[in-house]
Amino acid sequence: MTQLGEDRVYEQIGEDGFDRLTASFYRRVRSDDILGPMYERARTQAGETDLEEARVRLRDFLVQRFGGPTRYSEARGHPRLRMRHMPFAIDEAARDRWLALMDESLDEVGTPEPSKSVLQGVFAHVAEFMRNR
Ligand code: HEM
């Protein structure tokens with residue numbers, strides 16, 4: 001059961017909104033002193049050449065989570081997000097940085113209300129759930 005308005009986000013910002021948001025986020029991740037090395041390690045372990053494939057996983061997850069097509073589960077199955085984040089040491093600093101980079105990205109791409117607030121609420125909740133240190 002989603003909170004009021006969550007499945008309306010896809011209606012409001014569409015594929016393009018999630019595409020631009022995740023592109024902006026991953027641009028920031030690359031040069032981030034806390035998150036950069038974590039995503040880089042994940043990339044190496046997955047045998048991938050750049051972070052584009054990780055960006056697409058996040059984009060497709062968000063598209064599905066907020067009311068769009070279910071490509072994420074078709075490709076990856078059940079999200080099991082907490083388990084998938086266990087290899088990474090996610091403490092308060094990592095959680096706060098993830099949320100800060102996402103805030104900057106929401107501003108950069110100009111994600112409109114009410115989608116922006118709905119996204120921020122879910123991000124804060126899920127990021128805390130991912131904390132494992
Ligand atoms: C709390 C701070 C967080 C950190 C440090 C973090 C870090 C990471 C890292 C290093 C990966 C591996 C990149 C890849 O290969 O896909 C990943 C994957 C992923 N993260 Fe996070 N993450 C955080 C929060 C979140 C939140 C809040 C969400 C959702 C709203 C999220 C959704 C995902 C998804 C969907 C994947 C791909 C899972 C898969 O199918 O393998 N993460 N994250």
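Order of appearance sets the numbers: ligands from 1, and atoms from 1 within every ligand. Every value quoted in this text rests on a predicted model; they were computed, and no experiment measured them.
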Selection from I34, V29, L81 by shortest heavy-atom distance to atom 34 (C) of ligand 1: L81
Which atoms of ligand 1 sit under 4.0 Å from any heavy atom of I90? 1 (C), 2 (C), 3 (C), 4 (C), 5 (C)
Considering both backbone and side-chain atoms of R76, is one of its nitrogen or oxygen atoms within less than 3.5 Å of a nitrogen or oxygen in ligand 1? yes
How far is atom 30 (C) of ligand 1 from the closest protein heavy atom, and which atom is that? F123 CD2, 3.8 Å
Under 6.0 Å between the ring centres of Y39 and Y26? yes
For R95, the ligand 1 atoms whose distance to one of its heavy atoms is below 4.0 Å: 1 (C), 2 (C)
Is it the case that ligand 1 has an N or O less than 3.5 angstrom from some N or O of R57? yes
Per-atom contacts of ligand 1 with A54, taking only distances under 4.0 Å to non-hydrogen atoms: 14 (C), 15 (O), 16 (O)
Distance from atom 32 (C) of ligand 1 to nearest protein heavy atom, with residue and atom: L58 CD1, 3.7 Å
Any Lys/Arg nitrogen of R71 or E74 sitting under 4.0 Å from an Asp/Glu carboxylate oxygen of the other? no
Mark the output for F129 as yes if a heavy-atom distance to ligand 1 is under 4.0 Å, and as no if none is. no
Validation row: P69, Q64 side chains within 4.5 angstrom (heavy atoms): no
With the threshold set at 4.0 Å, does a side-chain nitrogen-carboxylate oxygen contact exist between R65 and D7? no
Region of A127 engaging ligand 1 - heavy atom pairs below 4.0 Å: both
Within the side chain of T44, is there an N or O that forms a donor-acceptor pair under 3.5 Å with the backbone of E40? yes
Sole residue of R57, R59, R55, R27 in side-chain hydrogen bond (donor to acceptor under 3.5 Å, both in side chains) with T22: R55
Would you mind checking which non-hydrogen protein atom is closest to atom 43 (N) of ligand 1, with the distance to 0.1 Å? H85 NE2, 2.8 Å
Top protein contact for atom 5 (C) of ligand 1, by heavy-atom distance: M38 CE, 3.5 Å
Atom 12 (C) of ligand 1: the protein heavy-atom neighbour that sits closest, reported with distance to 0.1 Å: A42 CB, 3.7 Å
Residue Y72 vicinity, atoms of ligand 1 by number, heavy atom under 4.0 Å: 38 (C), 39 (C), 40 (O)
For atom 28 (C) of ligand 1, which of W98, F66, Y26 has the closest heavy atom? W98
Under 3.5 Å: donor-acceptor pair, side chain of E113, backbone of S117: yes
Ring-ring centroid check F66 Y10, cutoff 6.0 Å: no
For the backbone of H85 and the side chain of N132, can you confirm whether one donor and one acceptor N or O come within less than 3.5 Å of each other? yes
Do W98 and F25 come close enough that some side-chain heavy atom pair is under 4.5 Å? yes
Atoms of ligand 1, numbered as shown, that sit under 4.0 Å from any heavy atom of L35: 5 (C)
Do S24 and R20 have side-chain N/O donor and acceptor atoms under 3.5 Å apart? no
To which protein heavy atom is atom 7 (C) of ligand 1 closest, and what is the distance rounded to 0.1 Å? Y39 OH, 3.2 Å
